[in-house]
Amino acid sequence: MTRRYDAIIIGGGHNGLTCGAYLSRAGKKTLVLEQKPYVGGASVTEEFSPGFRASTYSFIMGHLHPKVIEELELRKFGLEYYPQPNVFNPTEDDGIVFSKDPVKTREQIARFSKHDADNYPKFFERLQSTIEILRRLQMETPLNPFRRDLPGRWKTARFAWRYRNAEKEVYNLLHALSMSAHDYVSRWFENDLVKAKFMFWATIGGNVGPYSPGTAFYLVTHLIGQTGMSFCKGGMGSIADAIAASGAAHGMEIQCDSWVDEILVRDGNAVGVRLRTGEEIRASRVISNINVKRTFLDLVDESHLPEEFVDDVKGFRSRGMGFKLLLAVDRLPQYKGFSKEKTGTEYPAYVHICPTPEFLEQAFHEAKFGWYSSEPFLSPNVPSYTDPTLAPDGKHVVVIQGGVTPYELRNSNWDHEGPQLVRNAFGVLDRFAPGFSDSVIDYKLYTPKDIEADINLPGGNSQHGELTLDQLFFMRPVPRYADYRSPVHNLYQCGASTHPGGAVSAVPGHNAAREILRDWKWYQ
């Protein structure tokens with residue numbers, strides 16, 4: 001007997017679970033299908049060495065939207081997190097702790113530059129207006145400004161009215177979209193360490209260095225989280241687990257170890273899915289949480305799609321350039337530039353190693369020509385410092401996000417070059433935290449190729465796709481279909497390929513559920 005649901009969601013990452021949880025709360029019979037033995041997608045906690053657990057892909061909580069936390073009652077369903085208010089940026093003999101306390105941060109900056117300390121509040125005052133408008137835009141369903149029918153014009157008019165008083169903020173946003181992170185930051189600061197601190201945000205998920213036009217936008221997008229940087233108790237998998245439990249409490253079903261081979265389309269309508277086992281499951285709505293390329297180039301027969309749409313999907317850029325390194329260590333990293341007395345901080349559990357703007361740019365420069373960084377910039381964090389359940393007694397987990405590592409190497413491959421990349425990363429860490437490499441018990445490296453193979457993410461891009469001007473808002477993932485819908489009736493998208501993109505925010509899942517429920521009400 002064929003199983004039937006109101007909604008089937010392909011992919012049990014946090015956005016798919018979020019979408020499913022909202023649909024279930026609205027009374028829809030919902031099934032989430034996940035290819036792996038457990039849910040989470042890129043928001044998972046896994047044991048990478050006996051007794052050592054870490055967040056495999058996503059690494060720190062800061063973007064999970066407060067609205068989702070509240071509406072899905074995630075604390076009730078087990079979500080706990082520890083605020084991590086400080087980020088340490090070391091030099092070889094000193095360093096700055098940046099915190100949420102503006103007075104303390106100014107004092108830290110003043111040790112390096114009084115000019116920069118004076119400009120720090122002015123910089124954030126200017127930046128804040130851009131952050132606020134992006135926070136508003138996050139929760140919008142992107143419109144198609146070129147629709148000429150009455151509903152399309154009405155949506156555009158309403159959007160314009162909502163933002164009628166945001167002239168200054170829009171101009172600031174356009175600056176961010178066009179300027180390089182280096183130029184943007186250099187308008188305010190003169191000290192290299194201070195500039196590199198802010199430019200570091202522009203490297204996360206990006207494919208070009210912070211001297212390139214448009215990279216200022218990356219800087220801004222990584223500061224729009226409203227929850228505050230935090231370590232999740234139990235790792236980032238705890239977020240997915242809490243969302244799954246919230247949905248399950250309202251009837252959402254989750255089926256793991258279930259690989260979807262085809263989205264079934266009849267007469268222009270999505271009617272269900274076919275699993276690799278051959279089973280067909282029917283549904284009134286099919287929602288894909290997986291990458292847009294996988295969805296429409298692999299799961300939907302091309303005959304059901306407009307040629308222009310297929311071309312646009314093929315052109316969606318999803319190259320990854322970052323690597324992840326999970327480390328089991330027998331002691332905490334000791335940064336020689338860190339001073340408890342100078343910084344007023346007990347221990348730097350979250351660090352950005354990028355002493356100068358040139359250090360960041362050079363890493364991208366090497367990658368431009370098909371190679372990897374001889375001195376990668378690194379963001380080591382120690383989640384076990386606040387959550388000892390992640391490591392055996394007396395030992396720790398160090399999780400590193402680093403760059404830059406192209407998807408394809410020139411005249412070589414990652415099987416051969418992976419160990420050298422690790423040695424390069426250890427070399428940088430030993431320079432700033434002498435003896436660090438001697439503390440390593442075990443490690444696991446993830447390059448973009450590894451990420452693609454493990455979680456079915458084309459190119460291994462942490463954002464599902466680059467956050468460039470041509471892949472934002474009403475252009476994401478492709479023009480005319482940025483509203484979480486698709487050319488196939490009743491086939492929707494809810495993953496990070498859609499607006500507003502990656503990071504563990506749950507916003508794409510939230511927004512997609514809103515649009516699906518609107519359509520449901522309209523067409524009933």
Side-chain angles (χ1 to χ4, degrees), residues 46-57 59-60 87-95 193 196 200 203 231 235 321-340 345 347-356 359-360 362-363 366-367 371-388 390-405 409 412-448 450-451:
E46 297 175 294
E47 186 177 68
F48 67 95
S49 185
F52 294 87
R53 296 186 303 129
S55 304
T56 310
Y57 301 110
F59 67 107
I60 196 164
V87 181
F88 179 54
N89 283 68
T91 64
E92 291 186 59
D93 56 6
D94 206 339
L193 183 60
F200 187 94
T203 67
F231 291 139
M321 295 285 269
F323 68 89
K324 190 81 178 276
L325 194 54
L326 311 179
L327 301 162
V329 300
D330 61 17
R331 60 186 179 273
L332 289 169
Q334 298 298 320
Y335 298 94
K336 63 180 178 178
F338 176 74
S339 166
K340 181 178 173 181
T345 301
Y347 179 76
Y350 185 24
V351 178
H352 288 167
I353 297 179
C354 53
T356 66
F359 189 93
L360 293 170
Q362 181 62 32
E366 292 175 283
W371 208 238
Y372 52 96
S373 308
S374 55
E375 284 195 307
F377 57 82
L378 305 172
S379 179
N381 66 77
V382 189
S384 56
Y385 181 73
T386 50
D387 182 5
L390 296 173
D393 288 345
K395 297 179 173 56
H396 285 280
V397 168
V398 178
V399 178
I400 297 175
Q401 296 279 152
V404 179
T405 47
L409 291 174
S412 191
N413 58 69
W414 280 117
D415 289 338
H416 184 265
E417 297 297 334
Q420 183 58 50
L421 171 63
V422 173
R423 286 192 287 271
N424 291 355
F426 285 177
V428 171
L429 274 161
D430 283 343
R431 176 178 155 193
F432 290 87
F436 173 83
S437 59
D438 294 333
S439 73
V440 177
I441 301 167
D442 196 6
Y443 72 83
K444 189 165 186 178
L445 171 68
Y446 289 90
T447 67
D450 298 320
I451 296 169

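Fair warning: this is a prediction, and the values are worked out from it, not measured in the lab.
Checking each of Phe323, Phe432, Phe200 against Phe377 for a ring pair (Phe, Tyr, Trp, His ring centres under 6.0 Å) leaves exactly one that passes, namely Phe200. Checking each of Val397, Leu390, Leu332 against Val382 for a side chain to side chain contact (heavy atoms under 4.5 Å, CB included) leaves exactly one that passes, namely Leu332.
Taking NE2 of His396 as the reference point, atom CG of Asp387 lies at 11.5 Å (rounded to 0.5 Å). Separating the CG atom in Leu445 from the CD atom in Glu417 is a distance of 12.0 Å, to the nearest 0.5 Å. Between atom CG of residue Leu378 and atom CD of residue Gln401 there is a gap of 10.5 Å, rounded to the nearest 0.5 Å. The line from CG of Leu326 to CZ of Phe59 is 12.0 Å long, rounded to the nearest 0.5 Å.
Here the side chain of Gln362 pairs no donor or acceptor atom with the backbone of Glu366 at under 3.5 angstrom. Distance alone, capped at 3.5 Å, is enough to place a donor-acceptor pair between the Lys324 side chain and the Thr56 backbone. Formation of a donor-acceptor pair under 3.5 Å by the Asp430 side chain with backbone atoms of Ser437 is found in this model. Listed for the Ser439 side chain is no donor-acceptor partner under 3.5 Å among the backbone atoms of Val329. Within the 3.5 Å criterion, the main-chain N or O of Ile400 finds no donor-acceptor partner in the side chain of Ser379.
Counting only heavy atoms from C-beta outward, the side chains of Trp371 and Leu409 approach each other to under 4.5 Å. Thr447 is not listed as a side-chain neighbour of Tyr372, based on a closest heavy-atom distance of 4.5 Å or more. Within the 4.5 Å cutoff, no side-chain heavy atoms of Asp450 are placed close to those of Trp414. For the pair Ile353 and Glu375, the minimum side-chain heavy-atom distance is 4.5 Å or more. Tyr335 is listed as a side-chain neighbour of Val351, based on a closest heavy-atom distance under 4.5 Å. Phe48 has its side chain out of reach of Val399: every pair of non-hydrogen atoms, C-beta onward, lies at least 4.5 Å apart. Thr345 is listed as a side-chain neighbour of Phe338, based on a closest heavy-atom distance under 4.5 Å.
Below 30°, between 30° and 60°, or above 60°: for Tyr350 and His352 the angle between ring planes is above 60°, a perpendicular geometry. Between Tyr57 and Tyr446, the ring-plane angle classifies as perpendicular under the 30° and 60° cut-offs.
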Open item on the list: Between Arg331 and Phe436, is the side-chain contact (heavy atoms from CB on, under 4.5 Å) condition met? List the steps.
Closed with: CA-CA 9 Å; Arg331 60 186 179 273; Phe436 173 83; over 6 Å; no

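In terms of heavy-atom proximity, Cys354 sits nearest to Ala196 at O-CB, 3.1 Å. A pairwise comparison of heavy atoms in Pro380 and Leu429 identifies CG-CD2, 4.0 Å as the closest pair. Minimum interatomic distance between Phe231 and Ala349 (heavy atoms only, all atoms of both residues): CZ-O, 3.9 Å. The two residues Asp330 and Ile441 make their nearest non-hydrogen contact at N-CD1, 3.8 Å. Closest non-hydrogen pair, Val404 versus Ser373, comes out as N-OG, 2.7 Å. Between Pro333 and Val398, the shortest heavy-atom distance links the atoms CG-CG2, 4.0 Å.
Lys336 NZ: more than 12 foreign heavy atoms inside a 6.0 Å radius.
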